[in-house]
Amino acid sequence: MNIIAGFDRPDSGPRQYRRRANARTQFQGILISQHGSVIPWLTVQQNLIFGLNGHAHEEKQALGRSYAAMVGLKGFEASYPHELSGGMLKRAELARALVVKPEILTWMTVLRVMR
């Protein structure tokens, strides 16, 4: 998925998605990090509309409310990330990724080695 989304380069061979081969990334991909992908000084609503370029203000607000409700965060749009539980924060991250309607959504897990 990371290769198709353009986050990693293939070692060899073509990459193909929906029967389209591409030399360059042509797909809109979103990456969610294990360590958080929301902006801590913005509210849930502000985080959800942050990447919505080319939309009217009212449309951005409506999309933010819609995606907050979709992930069970209706009523928490004015909350800041530090005010959310861990599960609520993950749902806010997911809604933030989905609101821009990506073709590919990738979850990155980072393993830490302790010495």
Side-chain angles (χ1 to χ4, degrees):
M1 294 303 289
N2 284 338
I3 291 171
I4 292 171
F7 300 122
D8 290 332
R9 299 185 89 149
D11 293 331
S12 63
R15 51 188 165 178
Q16 187 172 337
Y17 174 68
R18 292 188 179 176
R19 299 184 181 156
R20 291 186 289 173
N22 64 329
R24 294 186 179 141
T25 302
Q26 300 171 357
F27 312 109
Q28 180 189 13
I30 294 290
L31 175 74
I32 298 178
S33 169
Q34 173 185 357
H35 297 292
S37 57
V38 294
I39 302 168
W41 55 87
L42 297 180
T43 65
V44 169
Q45 178 74 1
Q46 291 167 331
N47 265 287
L48 294 182
I49 66 172
F50 182 77
L52 293 176
N53 300 322
H55 295 274
H57 178 75
E58 295 79 19
E59 185 181 3
K60 286 181 184 182
Q61 296 300 321
L63 282 167
R65 287 189 301 273
S66 174
Y67 278 80
M70 179 189 299
V71 297
L73 291 177
K74 184 174 180 161
F76 292 92
E77 295 90 347
S79 300
Y80 288 90
H82 71 273
E83 298 173 318
L84 304 175
S85 70
M88 293 169 79
L89 183 58
K90 290 300 176 194
R91 287 184 276 147
E93 293 170 354
L94 181 59
R96 183 171 185 250
L98 292 174
V99 73
V100 295
K101 298 181 173 91
E103 286 187 83
I104 299 169
L105 179 63
T106 303
W107 186 274
M108 182 178 79
T109 303
V110 178
L111 300 176
R112 291 186 178 175
V113 178
M114 302 296 278
R115 290 186 183 199

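All values below come from the heavy atoms of this structure, side chains included, with hydrogens, waters and symmetry mates left out. Numbering starts at 1 and runs along the sequence shown.
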Participant: Do you know the tightest heavy-atom contact between Gly51 and Val100?
Facilitator: O-CG1, 3.8 Å
Participant: Is there a path of hydrophobic side-chain contacts, each under 4.5 Å between heavy atoms of I, L, V, M, F, W or Y residues, that connects Val99 with Ile39?
Facilitator: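 Different clusters: Val99 never reaches Ile39 through Ile, Leu, Val, Met, Phe, Trp or Tyr contacts under 4.5 Å.
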Participant: If you measure from NZ on Lys90 to CG on Leu84, what distance do you get to the nearest 0.5 Å?
Facilitator: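 These two atoms lie 12.0 Å from each other.
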Participant: For Arg96, is there an ion pair with Glu93 - N to carboxylate O distance below 4.0 angstrom?
Facilitator: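 The answer is no: the pair does not qualify as a salt bridge.
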Participant: What's the spacing between Phe50 CZ and Leu42 CG if we round to 0.5 Å?
Facilitator: 7.0 Å
Participant: Side-chain heavy atoms under 4.5 angstrom apart, residues restricted to Ile, Leu, Val, Met, Phe, Trp, Tyr: same cluster for Leu52 and Leu94?
Facilitator: yes
Participant: Please report the shortest heavy-atom distance between Gln45 and Lys60, naming the atom on each side.
Facilitator: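 Result for this residue pair: NE2-O, 4.3 Å.
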Participant: Under 4.5 Å between side-chain heavy atoms, hopping through other hydrophobics if needed: is there a path connecting Leu48 to Met88?
Facilitator: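 In one cluster: yes.
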Participant: Please check: side-chain N/O of Glu77 versus main-chain N/O of Gly75, any donor-acceptor pairing under 3.5 Å?
Facilitator: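 Side chain of Glu77 to backbone of Gly75, a donor-acceptor pair under 3.5 Å: yes, one is there.
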Participant: Could you pull out the closest heavy-atom pair between Leu89 and Pro81, with the gap in Å?
Facilitator: CD1-CB, 3.8 Å
Participant: Exactly one of Glu58, Glu59, Arg65 should register a side chain to side chain contact (heavy atoms under 4.5 Å, CB included) with Gln61. Which one does?
Facilitator: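 The option that passes is Arg65.
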Participant: Between Phe76 and Tyr80, is there shared hydrophobic-cluster membership here, with clusters defined by ILVMFWY side-chain heavy atoms closer than 4.5 Å?
Facilitator: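 No, Phe76 does not connect to Tyr80 through the hydrophobic network.
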